[in-house]
Every structure is written in structure tokens, then in C-alpha cells.
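What follows is a short report on a single structure.
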Amino acid sequence: MEANKLSTSGGNTGLMHRIARIADALPHPFIMFFILFVVTLGLSALMSVWVEPVRHPATDELVQVRSLLSWDGLRFMVTGAVTNFTSFRPLGLVLVMVLALGLIQKTGLADATIRRMLSNVAPRFITPAVVITSIIGNLVSDAAVFLIPPLAAIMFKTVGRNPIAGIMVAFIAVFAGFSANFFIAGTDLLLSGISTEVVQSVRPGHEVSVVANWFFMCASVPLITLIITVMNDKYVEPMLTRFQDQSDDEDKSHGVQLTDTERRALRYTGIVALAYIAAILLLILPAGSGLRSAEGGLLPSPFMSGLVPIIVLFFSLCGIVYGVSVGRIKQSSDVPRLMEEAMRDMCGFIVIVFMVAQFIAIFNWSNLAIVSAVNGADLLLQINMPTALALVCFILLAAVVNLFLYSGSAQWALMAPIFLPMLMLLGLEPEAIQAAYRIADSSTNVISPINPYLPLVLAVIHLYNKSFTLGHMLTIAMPYSLAVLAGWSSLFFIWYWLGLPFGL
């Protein structure tokens, strides 16, 4: 019987193993961007001699590739290395946000909020509730995959449904719906920062806001919820009947319930959150508000420019109130201590960003970005490729690359310098291009064999059935991934053709 189970997933498993071997051959992201740095040095020298100048689409000036293997290039690299790193926009944005998000995670506010969202849900609404909770749970980044799948399994088991289905639903929603959210998350900060850095080569002074995709991502949440719910309830969960719950544990439903202290702390936190939102509204609603623009508008305005610290203060206040209420914060020094704990987890990110910042800086300085973009756009125009088809190809390419390069920010740092200017020269706005990338990057997360959380999710599944393999997991995830990619891309093109704004 076990042989039959395995045979159903053998083909996909073999494909995933081949993908995994290719991915394993890739170096660490820091080394990968260092290699790209070195390649850019040689490429700039060659193209400065062989490639004709192009006209800048914004200024109409002739732009020539500048060799980095020159005295000017050497001076730029030597004198700009530190400022390239410290002025790299995503670095400051993410580190500032981590201070607040880390606080709500370390105090237990994130865990309590997730459990509150999943408690007292009617059995027929459990699947969409788990999906929405998982998507919103991405506010706390990696913590969501630790918190939600085990809770989802308990919720499904409590109402007599297969707990493995609950784990898979949470796993799919956390990763395939990673970019979608009702709230501004770390992904918005990372990607918009990289986009802003790259866009300067084509449109100097243009800023891709942290809320550049907010409208579209809010609309994406119900669509992804519908897709995953239908896929699970009509297709996947009936198929999982062969993987019965074999656990001997007692009913663990009490693990989802909140204690009286946690409920009281959530009430206090909710009151403070509402008061904070009301205070912000009072500050920005008056026509003469200093947070509005000189013309009295909000786009652009000091409020939009200062949105990140406003969000950081919101999460910090909520984390502090909850932490004090449950006893996790007993003295003032506990607040910076918890922030320090969260910041330690960012060491790897900071190391990678140093090399990413150097690569993007020299790529832009050499004019490789704008020259490649103009020549690439000219080629697409010559072959008369429709803009919509170019977007489809871009989404599919990003989805495939994501199988081998798991980090979404590293992948965008790799693809943005080429494809962002190129597609902009075809008439697309950077906000739309970034949204298209986020669809591809999220959809194939669940079938990437280098997803570092696959063993963790599989370990949770083994609590209920030890015969469930990684091959089964990836085989089940495949139709989810394709459905989300197709459905979400369809929403994107409808949104694009209707001319709706992707964000603010």
C-alpha cells in the first residue's frame, strides 16, 4: 500500500529532486552577489567599448556604459562602499520595522492574536479562517510558519476533520499568499526600497512607496482565500483520507484557547490601538494639518513619507501594552531587551544586504541598467511583443527563478536592475511591475525544494501520520501553486486593464 502511495508522487518527486540539486549548487546569496559584482566589473569594461550610446528616455541625453575598470570606477567603488551600504533604502526601513514587529512577537502578542482569530470559528468556516489568519500572520514573517500550522491541525482535528489538511492549508496560505495582506508588512518595505533604488536610473526622483501595492494586495486576500478554500474542500482534503490521523494524543483544543490574562491583555491592546488610530486621524483629517502637503492633499505628503515610523510606533505601543498586561514586560529595560532579541535574527540579512547594495550601486553607476533596459525595450518593440505578453513572460520567469532562489528580496535585487527599467520603457509603471513580481515570487514558494521550512512543516505532519513524505507534500502543493499563480495573475491583468491604482 505504501508503494502505491509513493508511486502517485514519484514523477513530481523526481522533478523536485532535480530542482533541489540545481538549487543546492547555487552559492550563498552573499557569494552569489559577489560573483555578480565581479561579472559586472568585466561586463562594464567590455560594453563601454562595444556598445553604442543610447538616449536616456527621460532626459534625451546620450548615455554611454562607464567602465568600472577605470580610475573613475575605482574611485566610485572605494569612496562609495560605506555610503552605498548605509544609504541603501531597504536596510533602514527593515531594521526600523523589525524593532516593532519583533516586539509584538517576543511579547506573545502575535501568537495570542493568531489564536484569538482561530478560536470559536464555525466548522464550515475553519478553512477560510485558517487561510486569512495565515496570510495576515505574515506580518510577523517567519514566526507565522511556526505558529499557525500546529494550531490549524488542532482546529481541524477538534471538529473531526483531517489535521494534515489543516497543516497543508496553513502552509500553502503562509507561503503562496506571502505578499498579500490587509496591512503593510516587511515585504512592502524591502521590495519598495529596492525598486526605488533601481528606478532612479530611468526616472530620477521617483519613489516607489511602501503602500505602492496596498490596494491590489488587499483585494488579493479574498481571492487567494477563495482559491485555497475551494482547492482544499473540494479536492485535497478528500484525497487525504488515505492519510488518517494516527496520533494517540488527547484532544489539544485547549492549546488554541486563550487564558483570562491573555484575553484581558488583548482587550487593553485593542483599546490602545483604536485610540492611536483615532489620534492619527485627528492629526491628518483637518485641511490645515501639517502632515498634509502644501496643497492640502495626502498624495504626496509628510504623512505618506512618514508612514513607516507611524506604523512602527503603532506596533510598538501595542506590543508594550500587551507585554505589560501579561507580565512579559516588568520594567522599562525589558522593552529594548526584547527589541535586541529580535534584531539579532537580522544579522544574516544585514550581511547579504551589504553585497546587494554594492552590486546595485555599481550596476547603476556603470549605466549598464539604463543601456540594457533601452536596448532590451527596443528589441521587444522590434519584435512587436505586446506589453501584456511581456508581463506574462516576466511573471513566468520570476516564478521559475523562485524555485532556485528562495529569498524574495534577493531575487528582486537580482531581477529588478534589468527588468524594472526595461518594462518601464515599454510604458509600465514600476508599481505594476513590482506587483507582478510579487505574484510570481509568492505562488511557487510552496513547491520550491529549497524552502527551508519544508522539514519543519513535515515534522508537524508526522505528529499525525509518519508515512506522509516530502514527495506527498510537494505533490499536494503543486495544484495549489498553479491555481494561485493562474488566479492571482488573472486578477492582476483585470486590475491592469481596468486602470485601477495598485496602491498609493
| query | So, does T444 use its side chain to make a donor-acceptor pair with the main chain of A399 at under 3.5 Å? | reply | yes
| said: Determine whether a donor-acceptor pair (N or O, by modelled atom type, separation under 3.5 Å) exists between the side chain of R66 and the backbone of W365. | reply: yes
| field | Close side-chain approach of V198 and F363, heavy atoms under 4.5 Å | value | no
| query | Is the backbone N or O of S48 less than 3.5 Å from a side-chain atom of Q64, with the two atoms forming a donor-acceptor pair by type? | reply | yes
| field | Side chain to side chain, F178 and T187, heavy atoms closer than 4.5 Å | value | yes
| query | Would you find more than 12 non-hydrogen atoms of other residues, nucleotides or ligands less than 6.0 Å from Y235 atom OH? | reply | no
| query | Using the ring of each side chain (for Trp, its six-membered ring), is F354 parallel, tilted or perpendicular to F30, with breaks at 30° and 60°? | reply | parallel
| request: List the steps and the verdict of side chain to side chain contact (heavy atoms under 4.5 Å, CB included) for I360 and I194. | output: CA-CA 9 Å; I360 290 180; I194 293 172; 4.3 Å; yes
| query | Quick check: are there more than 12 heavy atoms from other residues, nucleotides or ligands sitting under 6.0 Å from CZ of F34? | reply | no
| said: Quick check: closest heavy atoms across Q434 and V208, and the distance to 0.1 Å? | reply: OE1-CG1, 3.8 Å
| said: For a side chain to side chain contact (heavy atoms under 4.5 Å, CB included) check, start with the C-alpha distance between F216 and I439, then their side-chain angles and the critical distance, and finish with the verdict. | reply: CA-CA 11 Å; F216 179 70; I439 293 170; 3.9 Å; yes
| query | Is a side-chain N or O of R292 found less than 3.5 angstrom from the main chain of I284, in a donor-acceptor match? | reply | yes
| remark: For G319 and T107 the tightest heavy-atom approach is O-CG2, 3.6 Å
| field | F37/F33 aromatic ring centres below 6.0 Å | value | no
| Does the side chain of L426 reach to within under 4.5 Å of the side chain of L423, using non-hydrogen atoms? | yes
| Roughly how far, to the nearest 0.5 Å, is the CD1 atom of I433 from the CD1 atom of I395? | 11.0 Å
| Is a salt bridge present between D72 and R75, judged by a nitrogen-to-oxygen distance below 4.0 Å? | yes
| Any side-chain heavy-atom pair from S289 and F303 closer than 4.5 angstrom? | no
| Does S87 use its side chain to pair, donor to acceptor, with the backbone of T83 at less than 3.5 Å? | yes
| said: Looking at every non-hydrogen atom in both residues, tell me the closest pair between S134 and A170 and how far apart they are. | reply: OG-CA, 3.6 Å
| query | When you look at CH2 of W214, are more than 12 heavy atoms from neighbouring residues, nucleotides or ligands closer to it than 6.0 Å? | reply | no
| said: I'd like to know if the side chain of N84 reaches the main chain of G80, judged simply by a donor and an acceptor atom lying under 3.5 Å from each other, with no hydrogens or angles considered. | reply: yes
| query | Between atom CG of L313 and atom CG of L99, what is the distance when rounded to the nearest 0.5 Å? | reply | 12.0 Å
| said: Determine whether L91 and T86 satisfy the following criterion, side chain to side chain contact (heavy atoms under 4.5 Å, CB included), listing intermediate values before the conclusion. | reply: CA-CA 8 Å; L91 178 66; T86 57; 5.8 Å; no
| task | Working to the nearest 0.5 Å, report the span between CZ of F182 and OG of S220. | result | 9.5 Å
| query | To the nearest 0.5 Å, how far apart are CD in E197 and CG in N364? | reply | 7.5 Å
| remark: Minimal heavy-atom distance between L103 and I320, with the atoms involved, is CD2-CG1, 3.7 Å
| request: Show the numbers, then the answer: is there a side chain to side chain contact (heavy atoms under 4.5 Å, CB included) between N181 and I136? | output: CA-CA 6 Å; N181 215 312; I136 296 176; 4.0 Å; yes
| said: So which atom in F359 and which in P417 form the shortest heavy-atom distance, rounded to 0.1 Å? | reply: CE2-CG, 4.3 Å
| request: Output yes when a side-chain donor or acceptor of W488 lies under 3.5 Å from a complementary backbone atom of A483, and no otherwise. | output: no
| query | Quick one: does S316's side chain get under 4.5 Å of M339's, heavy atoms only? | reply | yes
| field | Pairwise side-chain contact, W50 with V65, heavy-atom cut-off 4.5 Å (strictly under) | value | no
| query | Going from OG on S489 to CD1 on I494, what distance comes out if it is rounded to the nearest 0.5 angstrom? | reply | 11.0 Å
| message | Regarding N445 and N402, do their side chains bring together a donor and an acceptor under 3.5 Å, going by distance alone? | response | yes
| query | How are the rings of F502 and F492 set to each other: parallel, tilted or perpendicular (split at 30° and 60°)? | reply | tilted
| message | Using ring centroids (six-membered ring only for Trp), state whether W497 and F493 fall under 6.0 Å. | response | yes
| request: Could you pull out the closest heavy-atom pair between V446 and A176, with the gap in Å? | output: CG1-N, 3.8 Å
| said: Using modelled atom types and a 3.5 Å cut-off, is there a donor and acceptor pairing between side-chain atoms of Q200 and backbone atoms of H206? | reply: yes
| field | Nearest-0.5 Å distance, OH of residue Y496 to CG of residue L428 | value | 4.5 Å
| Would you say M473 and F171 make side-chain contact, with heavy atoms under 4.5 Å? | yes
| So, do F394 and L420 sit near enough that their side-chain heavy atoms are less than 4.5 Å apart? | no
